[in-house]
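Residue indices begin at 1 and follow the sequence shown.
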Amino acid sequence: MINRIRRTGASLALAAALARTGLGALRAAAPGGRERWERVNHAGWTVDLYAGPAAGVAAAVGAARVRPAAGFAVLAAGVCGAYDDVAGAGDARSGFRAHLAALRDGEVTSGAVKLLGISAAGLAAGAAMRERPLDKVLAGVVVAGAAHFVNLVDVRPGRAGAVVLALGAPGLLRGGPGADTAAAAMGAAAAVLPDDAAGRTMLGDTGAHALGAALGVAVAAGTGRAALAAHAVALVAAAACGERVSEAARSLV
């Protein structure tokens, strides 16, 4: 028990240290020029995107310490999000329905690439983490769905980070193989949350999808089939009601 607590605490501390170090290093170096990393948020403030890759890589490293497939899923979700952050910067369309509609019309949007990429990564991780075919599919849905859910609530400063901390906490209390990945997600989120909440930086799709995938991996690794199915249903429902979920996140104080 004591060893488990120490391991979980180490995962949280490592992810926090990596995220904070990465945030500072990216802010100092600004690869490609600072304008590449700047966006205007809902309030008209100019914020940077350094928190996204910093938190995403930290969460991926923490997840990979538990299981390589988990780290792959988190990193892949972050990479897909990064592609959308860059390629989709001028695209006003949001929500998977809009991007799937464009795909039906023959247009491959960055959002569609992101959706398909994260779904594939989630299913691959689920296949590696669970033994039974149904559990593999459910785990994949949970990983991809959690990645999408955290992005849905990333609509105001600090919202996504706070949600990751709130949703990751039960994973710590549950213990088991999912606790270390939950701790990694929480540590990475906590490290960048002060800057995010203050409006100096933002997670963007890169960080939101990576942190969400880490939460999904924690659930997939640490719960039985009934709980896995319940999470999958809830996440699919949240995705179907994406606009309502985002609006609820905007209304939070």
Side-chain angles (χ1 to χ4, degrees), residues 3-26 50-82 118 121-122 124-126 128-129 139-140 142-151 153-154 158 160-196 201 203-223 231:
N3 287 338
R4 165 57 62 182
I5 293 173
R6 287 177 176 171
R7 179 182 173 90
T8 301
S11 293
L12 192 150
L14 174 63
L18 287 175
R20 198 66 205 175
T21 301
L23 178 61
L26 286 171
Y50 304 126
V57 170
V61 170
R65 291 178 69 241
V66 180
R67 184 169 294 187
F72 164 77
V74 175
L75 185 61
V79 169
C80 290
I118 292 176
M129 294 171 62
V142 167
V143 173
H148 183 59
F149 179 80
V150 173
N151 192 51
V153 301
D154 188 28
V163 165
V164 170
L165 294 179
L167 297 183
L172 296 184
L173 298 176
R174 250 193 328 263
D180 293 341
T181 306
M186 293 175 69
V192 300
L193 183 56
D195 287 72
D196 186 7
T201 190
L203 287 168
D205 287 3
T206 308
H209 283 305
L211 292 175
L215 290 180
V217 165
V219 172
T223 59
H231 279 86

Distance in Å, [X] [atom1] paired with [Y] [atom2], rounded so as to fall on 0.5 Å steps:
| X | Y | atom1 | atom2 | answer |
| --- | --- | --- | --- | --- |
| L14 | L18 | CG | CG | 4.5 Å |
| T181 | L172 | OG1 | CG | 10.5 Å |
| N151 | I118 | CG | CD1 | 7.5 Å |

Practice task
List in chain and number order the residues that pass side chain to side chain contact (heavy atoms under 4.5 Å, CB included) with A146, two or more places apart in sequence or in another chain; answer none if no residue qualifies.
Solution key: L235
Exercise for the section: Apply side chain to side chain contact (heavy atoms under 4.5 Å, CB included) to D154 and list each qualifying residue two or more places apart in sequence or on a separate chain. Expected result: A160, L203, A208
Problem - Within-4.5 Å side-chain heavy-atom neighbours: D195 and R20 - result: yes
What is the minimum heavy-atom distance between [X] and [Y], and which atoms define it?
| X | Y | value |
| --- | --- | --- |
| A16 | A191 | O-CB, 3.4 Å |
| A185 | L211 | O-CD2, 3.7 Å |
| Y50 | L23 | CB-CD1, 3.6 Å |
| V192 | A51 | CB-CB, 4.0 Å |
| A189 | V164 | CB-CG1, 3.8 Å |

Show every donor-acceptor pair shorter than 3.5 Å between a side-chain atom in residues 52-63 and any protein atom, with sequence neighbours excluded, or say none if there are none.
none

Practice task
Mind jotting down which residue pairs meet the side chain to side chain donor-acceptor pair (under 3.5 Å) criterion with at least one end in residues 160-173? Sequence neighbours excluded, please.
Solution key: none
Practice task
Using the side chain to side chain donor-acceptor pair (under 3.5 Å) rule, collect all pairs that involve residues 52-75, keeping only residues at least two apart or in two chains.
Solution key: S11-R65
Practice task
Could you list all the salt bridge (charged side-chain N to carboxylate O under 4.0 Å, His left out) pairs where at least one residue sits in residues 170-182, not counting sequence neighbours?
Solution key: R4-D180, R7-D180
Handout entry: Given L215, V217, V219, the one that forms side chain to side chain contact (heavy atoms under 4.5 Å, CB included) with V142
Key = V219
Practice task
Identify, with sequence neighbours excluded, every residue that meets ring-ring contact (aromatic ring centres under 6.0 Å, His included) alongside F149.
Solution key: none
Throw together a table of side-chain donor-acceptor distances under 3.5 angstrom for residues 69-77, partners on residues two or more places apart or in other chains.
none

